[in-house]
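Quick notes on the structure that follows.
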Amino acid sequence: MSNSSAPGGTAAAELDVFQHRTVELERLLHAASAREVEREREIGALREQVELLDIAHDAILVRRLDGVITYWNRGAERMYDIRREDAVGRASHELLRTAFPSPLPAIERSLLEVGHWEGDLKHTTPRGVVIVSSRWVLRRGPSGAPDTVFEINNDITARRAAEEERDRQTALLQRQAQLLDLAHDAILLRALDGTIAYWNQGAERMYGYAAAEAIGARSHELLGTRFPAALPAIDRALRAEGHWQGELEHTRRDGGTITVESRWVARADPGDAEAMIMEINTDITARKEAERMRSEQQQELIRLQATAIAELSTPLIPITDHVVVMPLIGVLDTLRAQQVMDTLLQGLSSSGATVAIVDITGVKVVDTKVADALIRVAQGARLLGAEVVLTGIRAEVAQTMVGLGVDLRNIVTRGTLQGGIAYALSRPGARGTLA
């Protein structure tokens, strides 16, 4: 019975071992399958991360501590115009000919000490110079030792160019402002409402207000501007033409008044609310005063010349202490008749003469106005106690005067100047001393 049971027992034991091994195999297969799924999941996650890195606009690369590139994303390809297969395996600083803001050993020491570094780099690539804002992060291995560097570079070439252009423009404006400050003229920049935004040193000197006092104030109120025309009309001309020029009167801080030649130029469209007006004012006070004095001198000279001409055209010649002769030549119009009257009466008054001989031999035309003027001269002389003798009346003049009905009964007449002088000298007390 024991013999029959032994084979059966052996078979059962072998079956148990087989079942146990089957279970173990299934467990191992299940574990392997789980690991495969996890590995696939990790690979998928890595693939997604790589795809995200490739979508990024920035250049992203991974390199060993010796600089050799192990990863190069699509952003790096676009930024540097270098393909991934041409970059991986190359030393990044040699590939990109990197220019550092400080010595590379100092940067690497800082990276090892703090685990990251950030700064601006200049790279030279097939597409030209690229300036980047670079961020480095140190990655450590399982043992804690540093093994790779994760580098993200953002292209700031355009921004840096804009900053450099802004700096250049700022420097240029500073130089221009310095030149404007050297100008003798007052130069100011103001808004359409007159609010001052710029006030050069020439304006400080001219008006006595410091820039800090003037900026923010309204120019026309600050300077008490007096315009040659209504301000709205000037503003309309400025809006239409983009510029205006004229003379203004301004009041300085000390109360003094100056005259300026003012030139306004609109920066941008004067119809724009944001437009600015550049105003350049030249002090012409001294010039205007010189012009005024010159004008007065010219007027005085004209007056003196007119007086001299009048005296030459209506000369009063003394014959004796009591006899004067006034020979008239040319046209005797209303103005000259008044000059004759003024000259004769002033001469009689100053000399005390008692006889005035008016010779009209040289007067070509005698009409009613001339005759009336002669009568008034005689009347004025009589009021001064003098007698007028009219000489040089030609035959045609006599006919004209008779035809005009001129009454000369109160005036002594003689045909010639010599006859008039003889008559005058025959008057009692008229001989006197010969002049």
Side-chain angles (χ1 to χ4, degrees), residues 45-181 197-198 274:
L46 289 174
R47 186 178 293 110
E48 289 179 359
Q49 291 175 355
V50 169
E51 289 175 353
L52 289 175
L53 292 179
D54 277 339
I55 293 173
H57 181 73
D58 293 341
I60 301 175
L61 55 139
V62 178
R63 53 185 173 82
R64 299 197 308 251
L65 292 181
D66 61 0
V68 174
I69 299 168
T70 59
Y71 174 75
W72 184 265
N73 79 331
R74 298 295 182 190
E77 289 186 331
R78 292 189 296 268
M79 183 178 296
Y80 298 118
D81 197 21
I82 298 175
R83 296 180 305 170
R84 177 177 298 173
E85 53 267 31
D86 295 329
V88 172
R90 299 280 301 277
S92 64
H93 304 326
E94 295 177 0
L95 176 67
L96 301 175
R97 289 184 280 173
T98 309
F100 300 95
S102 58
L104 179 57
I107 294 175
E108 290 177 336
R109 282 196 301 272
S110 175
L111 177 65
L112 292 173
E113 289 173 1
V114 298
H116 59 85
W117 177 86
E118 185 171 344
D120 292 348
L121 304 175
K122 183 169 73 173
H123 291 150
T124 302
T125 71
R127 58 170 289 190
V129 174
V130 179
I131 299 175
V132 300
S133 174
S134 187
R135 295 176 298 282
W136 300 0
V137 178
L138 184 66
R139 192 179 69 175
R140 299 179 181 275
S143 65
D147 57 2
T148 57
V149 177
F150 187 76
E151 181 175 329
I152 303 175
N153 295 330
N154 175 247
D155 188 352
I156 60 170
T157 308
R159 188 184 78 190
R160 180 62 63 81
E163 291 173 352
E164 291 177 352
E165 177 62 18
R166 185 174 64 248
D167 292 343
R168 190 187 69 81
Q169 291 291 341
T170 300
L172 177 60
L173 289 174
Q174 289 174 343
R175 290 195 296 271
Q176 291 175 342
Q178 291 171 353
L179 291 175
L180 292 178
D181 279 336
Y198 173 75
E274 300 298 323

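Residues take their numbers from the sequence shown, with the count starting at 1. The shown structure was predicted, so the numbers you read here are calculated from the model rather than taken from an experiment.
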Rounded to the nearest 0.5 Å, what separates atom [atom1] in [X] from atom [atom2] in [Y]?
X: Glu151; Y: Tyr71; atom1: CD; atom2: OH; value: 13.5 Å
X: Asn153; Y: Leu61; atom1: CG; atom2: CG; value: 6.0 Å
X: Asn154; Y: Ile60; atom1: CG; atom2: CD1; value: 10.5 Å
X: Asn73; Y: Met79; atom1: CG; atom2: CE; value: 8.5 Å
X: Glu164; Y: Arg166; atom1: CD; atom2: CZ; value: 10.5 Å

Any side-chain heavy-atom pair of [X] and [Y] under 4.5 Å:
X: Asp81; Y: Thr125; value: no
X: Leu96; Y: Ile82; value: yes
X: Ser92; Y: Thr98; value: no
X: Val129; Y: Thr124; value: yes
X: Arg74; Y: Arg84; value: yes
X: Leu65; Y: Leu138; value: yes
X: Pro101; Y: Leu121; value: yes
X: Asp58; Y: Arg135; value: yes

Provide the closest heavy-atom pair for [X] versus [Y] in the form atom of the first, atom of the second, distance.
X: Ile131; Y: Thr157; result: N-OG1, 2.9 Å
X: Glu85; Y: Glu77; result: OE1-OE2, 4.5 Å
X: Ser133; Y: Asp120; result: CA-OD1, 3.7 Å

So does Arg159 pair up with Glu163, basic N to acidic O under 4.0 Å?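 Judged by the 4.0 Å cut-off on N to carboxylate O distance, Arg159 and Glu163 do form a salt bridge.
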Would you say Arg63's side chain and Gly67's backbone share a donor-acceptor pair under 3.5 angstrom?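 No, because the side chain of Arg63 does not come within donor-acceptor range (under 3.5 Å) of the backbone of Gly67.
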Is it true that atom CZ of Arg78 has more than 12 heavy atoms of other residues, nucleotides or ligands lying nearer than 6.0 Å?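 Yes, because the 6.0 Å sphere around CZ of Arg78 holds more than 12 heavy atoms from other groups.
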Which residues pass the side-chain contact (heavy atoms from CB on, under 4.5 Å) test with Pro142, not counting sequence neighbours?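 If we apply the side-chain contact (heavy atoms from CB on, under 4.5 Å) test to Pro142, skipping adjacent residues, there are no hits.
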List for me each residue that meets ring pair (Phe, Tyr, Trp, His ring centres under 6.0 Å) alongside Trp136, sequence neighbours excluded, and say none if there are none.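 For Trp136, the residues satisfying ring pair (Phe, Tyr, Trp, His ring centres under 6.0 Å) (neighbours in sequence not counted) are His93, Trp117.
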